[in-house]
Amino acid sequence: MVVIKAVRGTRDILPPVAGAWAEVESKVRCIFRRYRCEEIRTPAFEESELFSRGVGEETDIVSKEMYTFTDRDGSSITLRPENTASVMRAYIEHRLDQRPGIQKLFYIGPMFRRERPQKGRYRQFHQIGAEVIGSDRPEVDAEVITLVYDLLQETGVDDFRILLNSVGCSDCRPVFLARLKDSLVSVKKELCQDCQRRSETNPLRVLDCKVSADQQFIDQLPSIVDSHCQSCREHFEVVKGTLTDLHIPFTIQPRLVRGLDYYMRTTFEFTQGTLGAQNSILGGGRYDGLAAQLGSRIYAPGIGFSIGQDRLMMALEERCGQRRDSLDLFLAPLGVPAARLCAVLAHELRGGGATVEVGVDAKLKRALELAHKLNARYTLIVGDDEVRTGQFLLKDMSTGSQELVSRQHLLSKFSTATEHGI
RNA sequence: GUGCCCAUAGCUCAGCCGGUAGAGCGCUGGAUUGUGGUUCCAGAUGUCACGGGUUCGAUCCCCGUUGGGCACCCCA
């Protein structure tokens with residue numbers, strides 16, 4: 001019989017790492033609250049059409065990376081490969097535009113894409129993201145980027161770079177693409193093999209080439225920022241200006257290409273040095289046309305981002321050492337009557353807010369060994385004598401000193417109110 | 001989906017030219033019948049990823065599968 005293992009591209013987040021994940025999550029929830037960003041939870045799977053229409057039929061995500069299956073009623077179901085389309089679907093379905101103000105919605109959860117696994121790339125991966133829907137104002141873009149900036153700073157990521165671009169709108173982008181293709185015709189044969197292929201399949205991708213010999217030619221290619229129409233240019237100027245006022249450093253990256261069809265105008269990406277080939281820790285952008293693509297008549301311009309939580313944790317791992325939850329008190333019962341008493345004591349102590357573990361080994365030596373390994377601050381020794389007298393032996397694990405304490409003294413010492421006195 | 005590299009104890013890794021396996025850490029027991037950390041002694045680590053082939057004989061060589069890493073592609 002073959003032992004069953006986690007399927008390719010998925011993994012278990014074990015303790016103590018799972019605890020570090022939870023810590024990060026509570027920290028980002030706290031930051032979201034400051035921005036009046038509210039949580040939304042959408043289903044892990046949706047009708048397939050949501051993604052083919054929302055994300056775009058021609059994108060890699062939709063054309064080859066989705067987990068799609070036919071449900072028993074014949075409908076096509078897809079495990080969400082990203083969450084923006086789902087959030088927009090929910091926004092439209094529940095008429096969130098009728099709520100006061102613009103909607104700022106955040107989410108934390110798993111996404112699914114069938115790609116070849118690699119460091120920092122999993123088939124089930126986790127995203128922390130937000131969508132701000134209801135305004136096309138550039139100040140909103142700046143606020144979203146500021147939020148992301150706070151998120152990374154306060155969770156402890158450093159040496160990240162903010163790459164900013166504006167990919168134009170449905171008016172100016174086609175013009176730019178035509179210009180780009182024209183220019184590529186003349187320099188194409190000077191470029192690397194990959195770029196010669198890209199010139200045909202995905203011209204925008206050529207701009208993102210890393211081959212140094214190609215750079216001199218790429219620099220000659222037209223830039224999207226020079227092709228902006230009047231309104232896109234003005235929009236981008238306000239975004240940049242506001243970020244500058246906020247002292248948030250960014251780099252204009254006219255070559256920044258985002259793979260999802262719904263992006264227009266502002267797009268951004270944060271990269272981090274320690275992540276290897278998958279150095280992008282988050283990506284985002286504006287998607288004013290998405291609601292219409294989903295068939296809604298509600299005007300719902302929006303901008304959002306998504307942090308790769310797996311990559312975020314990877315970037316943090318460098319500096320956050322071995323974390324270990326602390327244990328206030330380890331109860332060491334040395335016999336059956338003591339064990340019964342300890343069950344009651346533990347419940348009372350936990351009721352008072354203390355973190356308490358009850359030993360199951362009647363040998364004191366083993367109990368103390370375990371208490372030490374569990375990083376207990378105190379161990380309470382409860383043997384026959386203690387059960388009889390009602391006075392328990394409390395041992396301070398760091399100093400080794402011991403004192404006899406009453407049940408009442410114990411409860412007050414370990415209650416939350418006096419926690420700082422421990 | 002393509003190319004290259006890799007897979008030995010729970011973890012990190014040795015293992016020579018083919019002769020069926022080791023270290024450190026960790027784990028378990030003891031030195032100590034009610035006293036942890038340091039120390040000392042002892043013990044178990046294992047289908048050498050899985051399946052086939054070559055060979056008298058395979059952890060080692062060959063093929064396939066699965067999983068991992070890197071690059072491409074793409075993205076978080």
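The chains referred to below are lettered A, B, ... by the order of the sequence lines, with proteins before strands, and numbering in each begins at 1.
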Open item on the list: Determine whether a donor-acceptor pair (one donor, one acceptor, N or O, separation below 3.5 Å) exists between the side chain of A:Arg311 and the base of B:rC75.
Closed with: yes
TODO: Whole angstrom is fine here: how far is it from CZ in A:Phe305 over to P in B:rA76?
DONE: 13 Å
TODO: Taking only the side-chain nitrogens and oxygens of A:Lys64, find out if one of them lies under 4.0 Å from OP1 or OP2 of B:rC75.
DONE: no
Task: Separation of B:rG36 P from A:Leu327 CG (nearest whole Å) - done: 18 Å
TODO: Keeping the roles fixed (side chain from A:Lys104, backbone from A:Tyr35), state whether a donor-acceptor pair exists under 3.5 Å.
DONE: yes
- [ ] Would you kindly check whether a donor in the side chain of A:Glu386 faces an acceptor in the base of B:rG34, or vice versa, at under 3.5 angstrom?
- [x] yes
Task: Phosphate-side-chain proximity, A:Arg366 and B:rG29, N/O vs OP1/OP2 below 4.0 Å - done: yes
Open item on the list: Quick check for you: among B:rG69, B:rG36, B:rG34, whose closest atom lies nearest to any side-chain atom of A:Lys119?
Closed with: B:rG69
Task: A:Glu369 side chain, from C-beta outward: closest of B:rG36, B:rG34, B:rC4 - done: B:rG36
Task: N/O (side chain, A:Lys365) to phosphate O (OP1/OP2, B:rG30) under 4.0 Å - done: no
TODO: Answer yes or no: does a side-chain N or O of A:Arg114 lie under 4.0 Å from OP1 or OP2 of B:rG1?
DONE: yes
- [ ] Take the protein atom CG of A:Leu368 and the nucleotide atom C1' of B:rU32, then report the distance between them rounded to whole Å.
- [x] 13 Å
TODO: Determine whether any donor atom in the side chain of A:Arg11 lies under 3.5 Å from an acceptor atom in the base of B:rG67, or the reverse, and answer yes or no.
DONE: no
TODO: Would you mind classifying the nucleic acid contact of A:Ser398 as base, sugar-phosphate or nothing, using non-hydrogen atoms under 4.0 angstrom?
DONE: base
TODO: Scan every strand shown for a Watson-Crick or G-U wobble partner of B:rG22, both distances under 3.5 Å, and answer none if you come up empty.
DONE: B:rC13
TODO: Please state whether the phosphate of B:rG68, meaning OP1 or OP2, lies under 4.0 angstrom from any side-chain nitrogen or oxygen of A:Arg8.
DONE: yes
- [ ] Select from A:Arg116 and A:Tyr122 the residue whose nearest nucleotide in RNA chain B is closer to the 5' end of that strand.
- [x] A:Arg116
TODO: Would you please confirm or rule out a distance under 4.0 Å between OP1 or OP2 of B:rG68 and any side-chain N or O of A:Gln118?
DONE: no
TODO: Rounded to whole angstrom, note down the C1' distance from B:rG10 over to B:rU28.
DONE: 13 Å
Open item on the list: Between B:rA76 and A:Arg113, counting only base atoms on the nucleotide and side-chain atoms on the residue, is there a donor-acceptor pair under 3.5 Å?
Closed with: yes
TODO: Count the heavy atoms of every other residue, nucleotide or ligand shown that sit under 6.0 Å from CD of A:Glu403, and state whether that count exceeds 12.
DONE: yes
Task: base_contact_polar (B:rA76 base, A:Glu115 side chain, donor-acceptor, <3.5 Å) - done: yes
Task: A:Lys119 atom NZ: more than 12 heavy-atom contacts under 6.0 Å - done: no
Open item on the list: I'd like to know if A:Gln402 reaches the base of B:rU35 with its side chain such that a donor and an acceptor end up less than 3.5 angstrom apart.
Closed with: yes
Task: Centroid-centroid under 6.0 Å between A:Tyr378 and A:Phe414 rings - done: yes
Open item on the list: Is there a side-chain contact between A:Lys373 and the phosphate of B:rU28, meaning an N or O under 4.0 Å from OP1 or OP2?
Closed with: yes
Open item on the list: Tell me whether A:Arg41 at atom CZ has more than 12 heavy atoms from other residues, nucleotides or ligands lying less than 6.0 Å away.
Closed with: no
TODO: Could you check which nucleotide pairs with B:rA42 in any of the strands shown, counting Watson-Crick or G-U wobble with both distances under 3.5 Å?
DONE: B:rU28
